[in-house]
**Student:** 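Here it is, the structure, as structure tokens.
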2 protein chains.
Amino acid sequence: MYILFPSRYFAPMSLKHTHVQHMAGHLIRRLHQSSTQVFAARIKAAGLDLTPVQFAALDAIHANPGADQAGIAALIAYDKATIGGVIDRLEAKDLVARTPSKRDRRAREVRLTEAGESLLTQAMPVVSKLQDDILPGLSLEERAQFLDLARKALGPADNHHKSSARDPFCH
Amino acid sequence: MYILFPSRYFAPMSLKHTHVQHMAGHLIRRLHQSSTQVFAARIKAAGLDLTPVQFAALDAIHANPGADQAGIAALIAYDKATIGGVIDRLEAKDLVARTPSKRDRRAREVRLTEAGESLLTQAMPVVSKLQDDILPGLSLEERAQFLDLARKALGPADNHHKSSARDPFCH
DNA sequence: CGCATTTAGTAACTATACTTACTATATTGA
DNA sequence: TCAATATAGTAAGTATAGTTACTAAATGCG
């Protein structure tokens, strides 16, 4: 297991803090890092083999069978090039199947295979449960507060069922 | 520029929400995504060429000239393999220099070159300023609250000046 | 001292996560 | 209709962000 802070750095000798460490971007990156590590550990402990992105894609495809890759990408906020590779790997593991769309000959419709449905069913409770371990330093109340603020911070893009605004950073 | 949500997905037709979208891990990933995109856009607008990680590394090396790679990695919470590649690229751009350590012949001491110091000086105000744009949906007060919660969520690992605890996920 | 363990760094590998560029197809509007 | 534009997907390239495995060197301990 990857040791985040070798013990020697808590010994007498210690490095100086940086400007970066107080910045929002750095804190968010650290949270993301922690989050993906918790996910990997818990999924592995459950005997499953899925990355966070692969899980998100399976979930989105399950909820929208027959959607095309661009739709799945938009739903979980990924670049279409990224999602292409993710679905390549899911297909290689026989978790999803792609069929050419008849409506649009450019598009490929994506669906879960039985193995994909099965794996998603197994993974869902594990992933749901692990969400509480992502923010271990917070109380239940603080965690809820944090998630509210996170949702609000993401702005209208996250609430596309309420408004039609797009991501605030795409000018 | 990358369009996060193609407009057709706000048209009459719309995909179903997923379980993932309500989860902490997903929200954190979205924040990280937004954060890196804001960083890239602002740095590019300033005529500079630096990734968030490269900036963090420059900042850490500036604050600790002569530290070895493992020290820099620990300071900004990166894997030593990752930081090795980052410093490779910084060295290729002549922003840092590596010299073999005399104390420890395994280690390589890292320092900023003049070009590195100069670039960091240019980048610092840009990066400081952009932090406020990372959480655009939040008021000043909410932003401070969010950052407090984030710091607390990261737990004792982030407060290594206060305690000697390590990352809670390294069992 | 000598040996087991730890640590610094690299190498090779996998998986994101984007970018630009490209092809093919669909849609729009004059 | 047909040309301009937009979109779906892939390809190639870059940069993270880790993993395991390895070498070399340092450290701890009996």
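By convention in this document, chain letters (A, B, ...) are assigned in the order of the sequence lines, proteins followed by strands, and residues within each chain are numbered from 1.
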**Student:** Report the distance from atom CD1 of A:Ile76 to atom CG of B:Leu15, rounding to the nearest 0.5 Å.
**Tutor:** 11.0 Å
**Student:** Under 4.0 Å: is that the gap between some side-chain N or O of B:Gln33 and OP1 or OP2 of C:dA17?
**Tutor:**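 Negative; the distance criterion is not met.
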**Student:** Just list the side-chain donor-acceptor pairs under 3.5 Å for residues 83-95 of chain A, sequence neighbours left out, or say none.
**Tutor:**
| residue | atom | partner | partner atom | Å |
| --- | --- | --- | --- | --- |
| A:Asp88 | OD1 | A:Arg98 | NH1 | 3.4 |
| A:Asp88 | OD1 | A:Arg98 | NH2 | 2.6 |
| A:Glu91 | OE1 | A:Arg98 | NE | 3.4 |
| A:Glu91 | OE1 | A:Arg98 | NH2 | 2.8 |
| A:Lys93 | NZ | A:Asp49 | O | 3.2 |
| A:Lys93 | NZ | A:Gln54 | OE1 | 3.0 |

**Student:** For B:Leu95 and D:dA15, what is the distance between atoms CG and P respectively, to the nearest whole Å?
**Tutor:**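 That distance rounds to 12 Å.
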**Student:** A:Arg29 vs B:Tyr78, test: side-chain contact (heavy atoms from CB on, under 4.5 Å). Steps then yes/no.
**Tutor:** CA-CA 10 Å; A:Arg29 185 188 62 75; B:Tyr78 275 89; 2.8 Å; yes
**Student:** Taking atom P of C:dT16 as reference, at what distance in whole Å does atom CD of A:Gln37 sit?
**Tutor:** 16 Å
**Student:** Between C:dT10, D:dA17, C:dA8, which one does the side chain of B:Ala70 approach most closely?
**Tutor:** C:dA8
**Student:** In whole angstroms, how far is the P atom of D:dA6 from the NZ atom of A:Lys80?
**Tutor:** 13 Å
**Student:** Answer yes or no: is there a side-chain heavy-atom contact under 4.5 Å between B:Gln33 and B:Arg30?
**Tutor:**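 When only atoms from C-beta onward are counted, B:Arg30 and B:Gln33 do touch, with a gap below 4.5 Å.
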**Student:** Do NZ/NE/NH1/NH2 and the carboxylate oxygens of A:Glu109 and A:Arg111 come within less than 4.0 Å?
**Tutor:** yes
**Student:** Could you tell me how far apart A:Asp104 (CG) and C:dT23 (P) are, to the nearest whole angstrom?
**Tutor:** 19 Å
**Student:** Return the value, rounded to whole Å, for the distance between atom CZ of B:Arg89 and atom C1' of D:dG13.
**Tutor:** 13 Å
**Student:** Taking for each residue the nucleotide of DNA chain D with the nearest heavy atom, is it B:Lys102 or A:His32 whose nucleotide lies nearer the 5' end?
**Tutor:** A:His32
**Student:** Decide yes or no on side-chain contact (heavy atoms from CB on, under 4.5 Å) for A:Val20 and A:Thr18, but give the supporting numbers first.
**Tutor:** CA-CA 5 Å; A:Val20 161; A:Thr18 63; 3.7 Å; yes
**Student:** Between B:Arg105 and C:dG9, is there a side-chain N or O to OP1/OP2 distance below 4.0 Å?
**Tutor:**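 For C:dG9, OP1/OP2 do not have a side-chain N/O of B:Arg105 under 4.0 Å.
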**Student:** To the nearest Å, how far apart are B:Lys93 NZ and D:dA15 C1'?
**Tutor:**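 Distance check: B:Lys93 NZ to D:dA15 C1' gives 10 Å.
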**Student:** Counting side-chain heavy atoms from CB outward, which of D:dG18, D:dA8, C:dT6 is closest to A:Arg106?
**Tutor:**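 Given the options D:dG18, D:dA8, C:dT6, the side chain of A:Arg106 is closest to D:dA8.
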**Student:** D:dA15 P sits how many Å from B:Ile87 CD1, rounded?
**Tutor:**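 It works out to 15 Å between those atoms.
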**Student:** For the side chain of B:Ala107, starting at C-beta, report the closest nucleotide among C:dT25, C:dA8, C:dC18.
**Tutor:** C:dA8
**Student:** May I ask you to list the residues of residues 50-59 of chain A, by number, that have any heavy atom positioned under 4.0 Å from an atom of DNA chain C?
**Tutor:**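 A:Thr51, A:Val53, A:Gln54 - these, ordered by number, are the residues of the stretch whose heavy atoms sit under 4.0 Å from the strand.
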**Student:** Measuring from the side chain of B:Arg108 (C-beta onward, heavy atoms only), which nucleotide among D:dA17, C:dT25, C:dT10 has the closest atom?
**Tutor:** C:dT10
**Student:** Please state whether the phosphate of D:dA17, meaning OP1 or OP2, lies under 4.0 angstrom from any side-chain nitrogen or oxygen of B:Tyr78.
**Tutor:** yes
**Student:** Rounded to whole angstroms, how far apart are CZ on B:Arg30 and P on C:dT16?
**Tutor:**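 Roughly 18 Å, once rounded to whole Å.
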**Student:** Measure from the side-chain heavy atoms of A:Thr82 and tell me the nearest of C:dC18, D:dA17, C:dT25.
**Tutor:** C:dC18
**Student:** Determine: side-chain N/O of B:Arg98 to OP1/OP2 of C:dT10, distance under 4.0 Å, yes or no.
**Tutor:** yes
**Student:** Check whether any side-chain heavy atom of A:Leu31 lies under 4.5 Å from a side-chain heavy atom of A:Ile134, and answer yes or no.
**Tutor:** no
**Student:** Using a cut-off of less than 4.0 Å, is there contact between a side-chain N or O of B:Gln69 and OP1 or OP2 of C:dT10?
**Tutor:** yes
**Student:** Please determine whether a side-chain nitrogen of the Lys or Arg among A:Arg108 and A:Asp68 lies less than 4.0 Å from a carboxylate oxygen of the Asp or Glu.
**Tutor:** no
**Student:** Taking for each residue the nucleotide of DNA chain C bearing the nearest heavy atom, is the 5' side occupied by B:Asp88 or by B:Thr36?
**Tutor:** B:Asp88
**Student:** What are the residues of residues 118-129 of chain A, sorted by number, that bring a heavy atom to within less than 4.0 Å of DNA chain D?
**Tutor:**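 Output list: empty, so none.
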**Student:** With rounding to the nearest 0.5 angstrom, report the NZ to CE distance, B:Lys129 to B:Met124.
**Tutor:** 15.5 Å
**Student:** What's the separation between atom CE in B:Met23 and atom CD in B:Gln21, rounded to the nearest 0.5 Å?
**Tutor:**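 Atom-to-atom, B:Met23:CE and B:Gln21:CD are 10.5 Å apart.
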